[in-house]
Amino acid sequence: MSVRVRFAPSPTGYLHVGGLRTALYNYLFAKNQGGTFILRIEDTDRTRLVEGAQEALIQSLKWAGIEHDEGPGKDGGKGPYIQSERFDLYRKYSEELIANDSAYYAFDTSEEIDAMRERQKKSGIAPKYDRSSMKNQYTLGDVETKKLLDSNAPHVVRLKVPFNEEIHFKDVIRGDVSVKGRDVDDQILLKSDGFPTYHLANVVDDHLMEITHVIRGEEWLPSTPKHILLYKAFGWEAPKFAHLPLLLNNNKTKLSKRHGDVAVEDFRQKGYIKEAFVNFVSLLGWNPSGENEIHSIDDLINGFNLEKVNKGGAIFDRPKLEWMNSMYLRQSPLEDLYKQIENKLSDSNITKDKEYIKSVINLLKERITFAHEIIEFGDYMFDKPKSFDEKYEKKQWKEDTLQKIEPLIQNFKALDTWNVDTMHKIAEDYINSNNMKFGQIMHPIRLMITGKPVGAGMFETMEILGKDECIDRFNDFIQKKKNA
RNA sequence: GGUCCCAUCGUCUAGUGGUUAGGACUCCGCCCUUUCACGGCGGCAACAGGGGUUCAAAUCCCCUUGGGAUCACCA
């Protein structure tokens, strides 16, 4: 049977990086196995719907290069892929469970449930629906239950969890897991608004969509016994389960907004290169065990192995992500990098043409982490230096520097062909015939041209700036010195 | 608190009974060099603790400790 997996987010906002990792592992597994990757929208909580969230989710996935084979907008014959459009299905299946005594009606109000929990808390026992004392099918009797149902009394459907059974399942990543039935709550399957809870909808849809592997976050592990019970109650074969380790904050708690950006969109906006981001995220919890850590999506797909996913949570280490980005930055096509920062350039009133910008990116890309950093880091490439680094000036510009450097500048002015080689030749000849060292001239030149102590190769910088611009800067600086 | 899951350098990890416990990020040093980077070389740094099993345990078992998740008419 061919592999079918799904990513099933709830449209309550942006795509979380933890969600992206889950989607990514599903995707990698599907592609590795020649299977199908399905996107399903779990919007059964009508109170938490966020306008536009579904589109944002799909956009973020798409940015990361994850496109579903089946899902909203891509019918694979197992749709609809949005749970609210499958509404009628769930009641039908919940009735099937009631008919075979795997679930039951309950009529408690939320106040009554709260009171029950309060009592249990006081007597120090774990809060759990008490089937024998609350208002339900069993305590009320069939006649009363039918009467309430006929009168449209608000009710829910609960899973009838067997007390004395032990529920076992085998997790692909964790091995055997077992829980006692007495520790599992009689989960609500169908809410009083007629919508299913996650547990029912998820199991029904996974079965109907013929999902073979449920790959999801570890936070679902505690409720998996309920799902196993549901498959059993329906008489369905359960899919294989694989619970992924959590992505963590620096303090080892579940990755959250409180500790920095967690939305994929935030990372996109910060200027991360998608391939770098995907590469980094995919290595959180798994790796293809080589010495190299830079992998294309195809490499990741080819090497992916669900059984080799780690069990322990992984801290989302931002410095390493930045390093990864800088690695990708260097090998990215200049055109891509240009496109990425196009808007930021106009925001900064930089009007240089595209080819010029690209040459600046190329010049500085080994010294930056994000493409947009050229705007700050390489500000002198777009305008004359507004200021000159004080410490650098003090150190590199001495009393006699002007007189030592001026003849060389004259030589530059006389240059017909303005490129790295011709400039280098002139400089070399000059220091040789004057018994000087490169440092004695390069630092003052860097100061005059850029105003900063750091930057790319000096002649490379000057070549891109152009002869007129460089001569202007020399003149301006010398004038300033003479006036001082 | 109940239940469940987890545990190799600060971090991401390799490792499936015999290794000088490997790599990557970070940090530090050296080399290259006109600066800063890149690159190259090198360094700091780990099997949570205790019991077993075994000729031999990071690897298998048990306990302890520590961490996390989960206990909703949310997913």
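- For L246(A), the side-chain atoms get nearest to G68(B) when compared with the rest of G68(B), C36(B), U3(B).
- Under the 4.5 Å side-chain criterion, counting only non-hydrogen atoms from C-beta, H259(A) is in contact with N251(A).
- Taking atom P on both nucleotides, G42(B) is separated from G22(B) by 13 Å, rounded to a whole Å.
- In this structure, K308(A) reaches the G15(B) phosphate: one of its side-chain N or O atoms is under 4.0 Å from OP1 or OP2.
- Among C5(B), U3(B), C38(B), the nucleotide with an atom closest to any side-chain atom of E218(A) is C5(B).
- Residue-level contact check: K121(A) touches neither bases nor backbone, having no heavy atom under 4.0 Å from any strand.
- A sub-4.0 Å separation between OP1 or OP2 of A72(B) and a side-chain N or O of R117(A) is present.
- A donor-acceptor contact under 3.5 angstrom links the side chains of S289(A) and K308(A), judged on distance only.
- Nearest to the side-chain atoms of E293(A) among the listed nucleotides C6(B), A24(B), C74(B) stands A24(B).
- Rounded to the nearest Å, the gap between the P atom of C28(B) and that of U70(B) is 38 Å.
- Under the Watson-Crick or G-U wobble criterion, with both distances below 3.5 Å, C41(B) is paired with G29(B).
- Nucleotides U59(B) and A21(B) have their P atoms positioned 14 Å apart, rounded to a whole Å.
- In this structure, of A14(B), A75(B), U35(B), it is A14(B) that holds the atom nearest to the side chain of S289(A).
- Remark on RNA chain B: of its neighbouring residues I173(A) and N287(A), the 5'-side contact belongs to I173(A), judged by nearest-heavy-atom nucleotide.
- Dashed line: the shortest gap from a side-chain N or O of N310(A) to OP1 or OP2 of C12(B) is not under 4.0 Å.
- Note that R131(A) lies in the cation-pi zone of F163(A), set by a 6.0 Å cut-off to the ring centre and a 45° limit from the axis.
- Here C38(B) is the nucleotide among C74(B), C38(B), A69(B) with the atom lying nearest to any side-chain atom of E366(A).
- Of the side-chain N and O atoms in N292(A), none sit less than 4.0 angstrom from OP1 or OP2 of G23(B).
- With a cut-off of 3.5 Å on both Watson-Crick or G-U wobble distances, the partner of C71(B) is given as G1(B).
- The separation of C44(B) from U11(B), taken at their C1' atoms, amounts to 15 Å, rounded to a whole angstrom.
- Spacing of C1' atoms, U3(B) relative to C73(B), comes out at 22 Å, to the nearest Å.
- In the set U3(B), C73(B), U34(B), the nucleotide with an atom closest to the side chain of F438(A) is U34(B).
- Between R330(A) and G39(B) there is a side-chain N or O to OP1 or OP2 distance below 4.0 Å.
- Here the separation of A37(B) from C30(B), taken at their P atoms, is 13 Å to the nearest Å.
- A donor N or O paired with an acceptor N or O is found under 3.5 Å between the base of C36(B) and the side-chain atoms of R367(A).
- Put simply, T253(A) has no side-chain N or O that comes within less than 4.0 Å of OP1 or OP2 on G67(B).
- A distance-only check finds a donor-acceptor pair linking the side chain of R86(A) to the backbone of P80(A) [under 3.5 Å].
- In this structure, the nucleotide among C73(B), A75(B), C6(B) sitting nearest to the side chain of V156(A) is C73(B).
- Nucleotides U26(B) and U19(B), compared at atom C1', are 26 Å apart to the nearest Å.
- Between P245(A) and H443(A), the residue anchored nearer the 5' end of RNA chain B, judged by the nucleotide with its closest heavy atom, is P245(A).
- Within 4.0 Å (heavy atoms only), T12(A) reaches no atom of the nucleic acid at all.
- Comparing A7(B), U11(B), U35(B) against the side chain of K311(A) picks out A7(B) as the nearest.
- L24(A) has its side chain out of reach of F29(A): every pair of non-hydrogen atoms, C-beta onward, lies at least 4.5 Å apart.
- Among the heavy atoms of the strands lying under 4.0 Å from S192(A) is at least one base atom, whether or not backbone atoms are also near.
- As judged by a 4.0 angstrom heavy-atom cut-off over every strand, V184(A) is placed among residues making no nucleic acid contact.
- Note on K191(A): a side-chain N or O is less than 4.0 Å away from OP1 or OP2 of C74(B).
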**Study point:** Criterion salt bridge (charged side-chain N to carboxylate O under 4.0 Å, His left out) on K384(A) and E469(A), from CA distance to verdict
**Key:** CA-CA 8 Å; K384(A) 293 187 169 50; E469(A) 179 65 25; 3.2 Å; yes
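- Using Watson-Crick or G-U wobble geometry with both donor-acceptor distances under 3.5 Å, U65(B) finds its partner in A7(B).
- Ring planes of H199(A) and H227(A): tilted class, angle from 30 to 60°.
- For K320(A), no side-chain nitrogen or oxygen approaches OP1 or OP2 of U13(B) to under 4.0 Å.
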